[in-house]
Number of protein chains: 2
Amino acid sequence: MSESAPRQTLQQRVSAAILEGAAQLFAVEGEQASMNDVAEAAGVARATVYRYFPSREALLGELARAAVDEVDTRLASARIDEVAPEEGIARAVRALVDVGDSFVLLARQRRRSDPDRFESRLTQPLRSLFERGQAGGDIREDITSARLTESLIGLIVGVLTSTPALGKEDMTATITGLFLDGARARGPRRR
Amino acid sequence: MSESAPRQTLQQRVSAAILEGAAQLFAVEGEQASMNDVAEAAGVARATVYRYFPSREALLGELARAAVDEVDTRLASARIDEVAPEEGIARAVRALVDVGDSFVLLARQRRRSDPDRFESRLTQPLRSLFERGQAGGDIREDITSARLTESLIGLIVGVLTSTPALGKEDMTATITGLFLDGARARGPRRR
DNA sequence: CCTTGACGAGATGTTGATGTCTCATTTAGA
DNA sequence: TCTAAATGAGACATCAACATCTCGTCAAGG
């Protein structure tokens with residue numbers, strides 16, 4: 001009972017390395033990457049991966065769980081339900097972009113591995129935000145809040161995966177600007 | 001030399017059945033569906049699939065080629081480069097939504113299997129459309145045409161995959177409205 | 001009617017990934 | 001420094017999917 005305190009740091013460090021490497025690898029290469037690739041990306045031996053996660057499925061599940069937790073934490077600390085809807089959307093986008101690869105992986109395999117958690121921790125808050133905006137006249141009402149939510153998630157995933165070498169600031173600005181104001185120019189037409 | 005005419009129809013019929021079944025299966029189940037599933041979805045024996053496509057990779061490649069061809073055809077007949085930019089975007093969205101499952105599959109595995117064709121047949125026309133709109137003052141210039149293109153593709157894929165049971169009319173209207181005008185309400189605020 | 005070719009079904013070889021195990025080496029921590 | 005635990009490297013069995021092949025059946029067209 002006295003052997004638990006000192007090792008925590010080491011195990012946590014290795015575990016985090018595996019999780020991080022796997023998240024990035026799965027987001028970039030797709031979900032068909034092998035456990036060999038996971039080990040290589042994490043900089044550990046393949047056997048070590050199995051010492052921390054008994055199976056591939058367990059690793060994927062833990063990855064999803066951690067991603068949901070991170071999304072939940074960032075969304076909660078962003079206080080998106082306490083500011084104006086547009087500001088809330090901007091903060092939510094920023095939070096989800098910050099999660100990055102893990103969020104992409106989570107959104108892609110959300111139907112497997114606990115869709116209810118995904119629903120309650122991510123979809124629900126965003127939908128509430130849109131509904132509040134619609135009730136206040138800040139958000140258009142001809143598109144359902146559910147569709148707005150799905151569209152925003154799709155847009156974020158699309159931008160994150162298509163231009164991976166982009167700065168998070170730029171990504172956030174692009175997504176927020178596009179989603180809120182659209183692609184049409186607001187000023188008077190030239191020519 | 002006299003044995004080609006009567007059988008063409010049969011082989012074409014079987015080939016089309018395999019292609020269609022595989023496209024839908026891969027779009028729904030993901031790209032990890034087995035050749036057994038493909039054969040079952042097409043209603044033929046597994047050996048028959050290999051009589052038409054020598055390998056799994058060949059089938060995927062042919063699937064991608066057919067999808068690019070369909071995208072190319074629909075985009076060309078939409079004449080997106082001959083109408084106003086906003087109208088061109090609406091038509092392009094309509095065309096890509098019509099392609100449906102095949103487009104999702106194509107967009108997801110576009111880095112494998114001939115990315116150049118994807119680039120020249122899909123990305124390039126869309127980017128030209130955006131650039132024309134930007135030059136004329138109809139499309140905002142603070143977001144690169146390349147990013148606008150990627151964002152639109154991501155948005156379409158996201159909506160197509162997240163709400164598959166939605167009518168294509170609704171999908172097109174949602175995507176077009178969102179992408180052009182954004183989520184913000186245009187009228188005066190209430191309350 | 002009958003011949004020819006395609007299909008269905010299944011056995012079989014091959015490949016690659018998963019998961020388990022051992023053992024030498026190393027490293028963290030007392 | 002010294003001990004115990006963790007890691008790395010790799011062998012090994014298992015398994016699922018890929019791909020090939022054969023043979024019996026069936027249907028179409030002459």
Side-chain angles (χ1 to χ4, degrees), chain A residues 1-65 105 108-109 112-113, chain B residues 1-65 105 108-109 112-113:
Chain A
M1 298 175 182
S2 60
E3 75 261 14
S4 57
R7 317 196 181 102
Q8 289 279 20
T9 55
L10 173 68
Q11 292 190 348
Q12 282 180 353
R13 200 156 43 88
V14 176
S15 176
I18 296 175
L19 259 348
E20 287 176 26
Q24 181 179 358
L25 181 70
F26 283 132
V28 173
E29 294 290 328
E31 64 199 78
Q32 77 281 3
S34 69
M35 294 294 270
N36 218 332
D37 301 329
V38 171
E40 192 174 351
V44 299
R46 197 167 60 96
T48 303
V49 178
Y50 282 98
R51 288 192 187 98
Y52 282 83
F53 304 97
S55 70
R56 177 195 180 85
E57 188 183 354
L59 175 60
L60 267 300
E62 184 59 28
L63 231 35
R65 204 194 61 80
L105 181 62
R108 280 189 171 164
Q109 59 156 15
R112 301 181 279 277
S113 145
Chain B
M1 296 178 182
S2 61
E3 76 263 12
S4 58
R7 316 198 179 102
Q8 288 279 21
T9 54
L10 173 67
Q11 291 189 350
Q12 283 179 352
R13 203 155 42 88
V14 176
S15 177
I18 295 175
L19 259 346
E20 286 176 26
Q24 181 178 359
L25 180 70
F26 282 133
V28 173
E29 293 289 329
E31 63 199 81
Q32 75 281 3
S34 69
M35 294 294 271
N36 219 330
D37 301 329
V38 171
E40 192 174 351
V44 299
R46 193 174 61 253
T48 303
V49 178
Y50 281 101
R51 286 192 188 98
Y52 283 84
F53 305 97
S55 70
R56 176 196 182 86
E57 189 182 354
L59 175 60
L60 268 301
E62 185 58 27
L63 232 34
R65 204 193 61 79
L105 181 62
R108 281 191 171 164
Q109 59 157 16
R112 302 183 278 278
S113 146

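Every chain is numbered from 1, with letters handed out A, B, ... down the list of sequences. FYI, side chains are in, hydrogens and waters are out, and symmetry mates aren't considered; it's all heavy atoms of this structure.
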Distance below 4.0 Å between T48(B) side-chain N/O and dC7(C) OP1 or OP2
no
If you find the nucleotide of DNA chain C closest to A47(B) and the one closest to A47(A), which residue's nucleotide is nearer the 5' end?
A47(B)
The side chain of R46(B) lies closest to which of these nucleotides: dC18(D), dG10(D), dA11(C)?
dA11(C)
Separation of atom CG in L60(A) from atom P in dG19(C), rounded to whole Å
10 Å
Tell me the interatomic distance from R56(B), atom CZ, to dA17(D), atom P, rounded to whole angstroms.
10 Å
Under-3.5 Å donor-acceptor pair between R51(A) side chain and dG8(D) base:
yes
For dA17(D), does either OP1 or OP2 sit under 4.0 Å from a side-chain N or O belonging to S34(B)?
no
In this structure, how many angstroms lie between the P atom of dA9(C) and the CE atom of M35(B), rounded?
17 Å
Would F26(B) and V38(B) count as a side-chain contact (heavy atoms from CB on, under 4.5 Å) here? Give the steps.
CA-CA 8 Å; F26(B) 282 133; V38(B) 171; 3.8 Å; yes
dA9(C) P sits how many Å from E40(B) CD, rounded?
11 Å
Phosphate OP1/OP2 of dC21(D): any Y50(B) side-chain N/O under 4.0 Å
no
Residue whose nearest DNA chain D nucleotide is more 5′ - V44(A) or A33(B):
V44(A)
Measure the distance from CD on E57(A) to P on dT18(C) and round it to the nearest whole Å.
13 Å
Side-chain N or O of Y52(B) versus OP1/OP2 of dC7(C): is the shortest distance under 4.0 Å?
yes
Let me know the distance between CG of N36(A) and C1' of dT15(C), rounded to the nearest Å.
15 Å
Could you state the CD-C1' distance from Q32(B) to dG16(C), rounded to the nearest angstrom?
17 Å
Any side-chain heavy atom of L59(B) sitting closer than 4.5 Å to one from M35(B)?
yes
Take a 6.0 Å sphere around CD of E40(B) and say whether it holds more than 12 heavy atoms from other residues, nucleotides or ligands.
no
Can you tell me how far CD of E62(A) sits from CD1 of I18(A), rounded to the nearest 0.5 angstrom?
11.0 Å
Other residues, nucleotides and ligands only: do more than 12 of their heavy atoms fall within 6.0 Å of CZ on R56(A)?
yes
Rounded to whole angstrom units, what separation is found between the CZ atom of F53(A) and the P atom of dT20(C)?
15 Å
